[in-house]
Amino acid sequence: MGVEGCTKCIKYLLFVFNFIFWLAGGVILGVALWLRHDPQTSNLLFQQFEDKQAPGTFYIGVYILIAVGAVMMFVGFLGCYGAIQESQCLLGTFFACLVILFACEVAAGIWGFVNRDQVSKEMGLFYSEVYQHATTGTKEQQQKALPVLKAFHETLQCCGDGSLSKFALLNLSEVCPKPSNLLEQFTMEDCHQKIDALFSTKLYLVGIAAIVVAVIMIIEMIFSMVLCCGIRIYSVY
């Protein structure tokens, strides 16, 4: 016997929320793939100076997002099918998956909050090292550092690290974007500010998406348990 009354309403609400959850998983998967292949971040994170690779902490988070998006799409489908079929087994499995996902999301959120400045800090240190070799290193070090420095400057439309040697780079080198006028030459942002802005913006996008998904998951956990209990009651009669 199928569920009736308010429980039937919850059944269809759960289906709708699961469909939204499935769509959210697709959006997260799409955003993660965009972050992975975004030209700005790719141009910076694939840079290598001597035997040092640009820090890849940012990509670790992106790969986690890709996995989360794929799992969310699977769990959303499982919830939709379980709700329509009124299957206690599928709904119980769905609830267990949601609890695990929610716990992982909370743990990832805490880790991300604690290490929110780590990505930009590591990238800033890498840039500073390359910048130092390009401005004060030996001729061989300068030849290796200048292409990497140019990639940073062209990608972020910035120049230097805020020190006086920035002006030497602007005038004596081809590694900085060409200023259109004298005022732009002296007001061009330094690259540390640009690096912080780039990764902070992307982390805020991830944080907003995580909050929205967490709210949907809580609603779904409540609805799935109510529906599961309703199915059990109606199965007795």
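Any value given below was found using the heavy atoms of this structure, including those in side chains, with hydrogens, waters and symmetry copies removed.
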Next item on the list: Flag the pair W22 / V75 as yes when at least one side-chain heavy-atom distance between them is below 4.5 Å, and no otherwise.
Entry: no
Checklist line | Smallest separation among heavy atoms of A70 and L29, with atom names | finding: N-CD1, 4.4 Å
Next item on the list: Give the minimum heavy-atom separation between Q157 and K194, together with the two atoms involved.
Entry: O-CE, 3.8 Å
Notebook entry, point to check: Do Y127 and H153 have side-chain heavy atoms sitting under 4.5 Å apart?
Noted result: yes
Notebook entry, point to check: Crowded around Y63 OH? As in, over 12 foreign heavy atoms under 6.0 Å?
Noted result: yes
Notebook entry, point to check: How close do C191 and L156 get, heavy atom to heavy atom, and via which atoms?
Noted result: O-CD1, 4.4 Å
Margin query: Rounded to the nearest 0.5 Å, what separates atom CE in M72 from atom CG in L98?
Written below: 9.5 Å
Item checked: Which atom of G25 lies closest to which atom of M73, heavy atoms considered -> C-CG, 3.7 Å
Notebook entry, point to check: In a check of side-chain contact (heavy atoms from CB on, under 4.5 Å) between F21 and each of V16, I219, V213, which one passes?
Noted result: V213
Next item on the list: Would you give the length of the straight line joining atom CZ of F102 to atom CD1 of I218, rounded to the nearest 0.5 angstrom?
Entry: 4.0 Å
Margin query: Return the OG to CG distance between S120 and D196, rounded to the nearest 0.5 Å.
Written below: 4.5 Å
Notebook entry, point to check: Would F15 end up clustered with I216 when hydrophobic side chains under 4.5 Å apart are linked, directly or stepwise?
Noted result: no
Note to self: Please say yes or no: joined through hydrophobic side-chain contacts below 4.5 Å, possibly via intermediate residues, are Y12 and I222 part of one cluster?
What the structure shows: no
Next item on the list: State, without any angle test, whether S128 and H192 hold a side-chain donor-acceptor pair at a distance under 3.5 Å.
Entry: yes
Check: For the atom pair OH (Y81) and OG (S87), what is the distance rounded to the nearest 0.5 Å?
Finding: 8.5 Å
Margin query: Do I20 and I84 sit in one hydrophobic cluster, given that two such residues count as connected whenever their side-chain heavy atoms are within less than 4.5 Å of each other, even indirectly?
Written below: no
Next item on the list: Check whether L23 and V31 end up in the same hydrophobic cluster, where Ile, Leu, Val, Met, Phe, Trp and Tyr are linked by side-chain heavy atoms less than 4.5 Å apart.
Entry: yes
Next item on the list: Verify, without hydrogens or angle tests, whether E220 (side chain) and L14 (backbone) share a donor-acceptor contact under 3.5 angstrom.
Entry: no
Check: So do F94 and N18 actually touch side chain to side chain, heavy atoms under 4.5 Å?
Finding: yes
Note to self: Please tell me whether L65 and W34 are part of a single hydrophobic cluster in this structure, the criterion being side-chain heavy atoms less than 4.5 Å apart.
What the structure shows: yes
Note to self: Please verify the inter-ring angle class for F223 with F17; under 30° counts as parallel, over 60° as perpendicular, anything in between as tilted.
What the structure shows: perpendicular
Next item on the list: Decide yes or no for F95 and M221: does some side-chain heavy atom of the first lie under 4.5 Å from some side-chain heavy atom of the second?
Entry: yes
Next item on the list: Would you check if L227 and L91 make a side-chain contact, meaning some heavy-atom pair closer than 4.5 Å?
Entry: yes
